[in-house]
Amino acid sequence: MRLQLGISARFETLDGRQRVRLMDLSQGGAHLVLSENGEFREGMLTWLRFETFGTVVWHEGPRIGLEFDKLLPLVVLVETRLRAPSVVRDEEEQLAREWIGDE
């Protein structure tokens, strides 16, 4: 099962931490869009209240594919799927407030 998400997350490497867009997620890996380009080999992905370590298995411009060291428990995918719509909605509302200057 692969979840199509598009939610904010963090990716931490030896070079530092950056915000990323978690495009999709499965028990074994994820597709990320980086906010800062770089050649990364591995790192810690954090989203919602979850985190996992992964190795970069492909890299195309700002997009990378991670393969996780351990399969995610199915319950993590289920909770992510349930919470993702509200996360996207909250992010859109925040962007709208910033755009109109109502922070």
Side-chain angles (χ1 to χ4, degrees):
M1 171 165 71
R2 182 164 290 279
L3 299 177
Q4 301 298 317
L5 298 169
I7 62 174
S8 291
R10 285 191 319 267
F11 186 55
E12 188 167 352
T13 68
L14 292 175
D15 296 321
R17 180 184 306 172
Q18 65 173 288
R19 294 187 64 78
V20 297
R21 181 77 41 195
L22 176 55
M23 300 306 294
D24 65 49
L25 179 71
S26 70
Q27 282 186 286
H31 167 193
L32 309 177
V33 177
L34 304 170
S35 57
E36 302 171 21
N37 279 336
E39 295 296 321
F40 306 110
R41 294 174 43 202
E42 58 191 16
M44 179 72 68
L45 174 64
T46 305
W47 73 103
L48 301 175
R49 61 179 188 89
F50 306 110
E51 66 181 22
T52 191
F53 189 81
T55 302
V56 176
V57 292
W58 61 265
H59 189 184
E60 295 176 5
R63 298 177 179 270
I64 64 170
L66 286 184
E67 182 177 334
F68 301 146
D69 285 1
K70 297 179 188 174
L71 291 178
L72 294 176
L74 192 53
V75 68
V76 171
L77 292 181
V78 170
E79 185 173 335
T80 299
R81 182 174 185 220
L82 291 172
R83 294 185 57 201
S86 66
V87 170
V88 170
R89 188 172 45 254
D90 292 347
E91 289 174 353
E92 289 173 349
E93 289 174 2
Q94 178 62 32
L95 284 173
R97 281 194 296 274
E98 290 172 4
W99 187 76
I100 62 172
D102 185 27
E103 296 180 40

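None of these values were measured; they are calculated from a predicted model. Heads up: numbering here begins at 1 and tracks the sequence.
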L34 versus Q18: any side-chain heavy-atom pair under 4.5 Å?
yes
Transitive ILVMFWY side-chain link L74 to L5, under 4.5 Å
yes
Under 3.5 Å donor-acceptor, R21 side chain and G6 backbone:
yes
Between T46, L45, I7, which is the residue that forms a side chain to side chain contact (heavy atoms under 4.5 Å, CB included) with V20?
L45
Sequence neighbours left out, what passes side-chain contact (heavy atoms from CB on, under 4.5 Å) with R41? Give chain and number order.
none
Would you say F40 and L66 make side-chain contact, with heavy atoms under 4.5 Å?
no
M23 with F50, same ILVMFWY side-chain cluster at under 4.5 Å
no
Is any side-chain heavy atom of L72 closer than 4.5 Å to a side-chain heavy atom of L25?
yes
Apart from M44 itself, what residues make up its hydrophobic cluster when side-chain heavy atoms of I, L, V, M, F, W and Y under 4.5 Å apart count as a link, directly or indirectly?
F53
Here the gap from W47 atom CH2 to S8 atom OG, rounded to the nearest 0.5 Å, amounts to 14.0 Å
Salt bridge (charged side-chain N to carboxylate O under 4.0 Å, His left out) partners of residues 22-39, not counting sequence neighbours, each pair once
R2-D24
Donor-acceptor contacts under 3.5 Å from residues 9-17 side chains, at least two apart:
unit_1, atom_1, unit_2, atom_2, d
E12, OE1, R17, NH2, 3.4
T13, OG1, D15, N, 3.1
T13, OG1, G16, O, 3.4

So, do L48 and T80 sit near enough that their side-chain heavy atoms are less than 4.5 Å apart?
yes
When rounded to the nearest 0.5 angstrom, what distance separates NE2 in H31 from CG in L3?
14.5 Å
Could you tell me which non-hydrogen atom of Q27 sits nearest to which non-hydrogen atom of F68, and how far apart they are?
O-CD1, 3.5 Å
Output every pair passing side chain to side chain donor-acceptor pair (under 3.5 Å) with a member in residues 50-61, not counting sequence neighbours, ordered by first then second residue.
none
Got a sec, which pairs hit salt bridge (charged side-chain N to carboxylate O under 4.0 Å, His left out) with one end in residues 64-75, sequence neighbours left out?
none
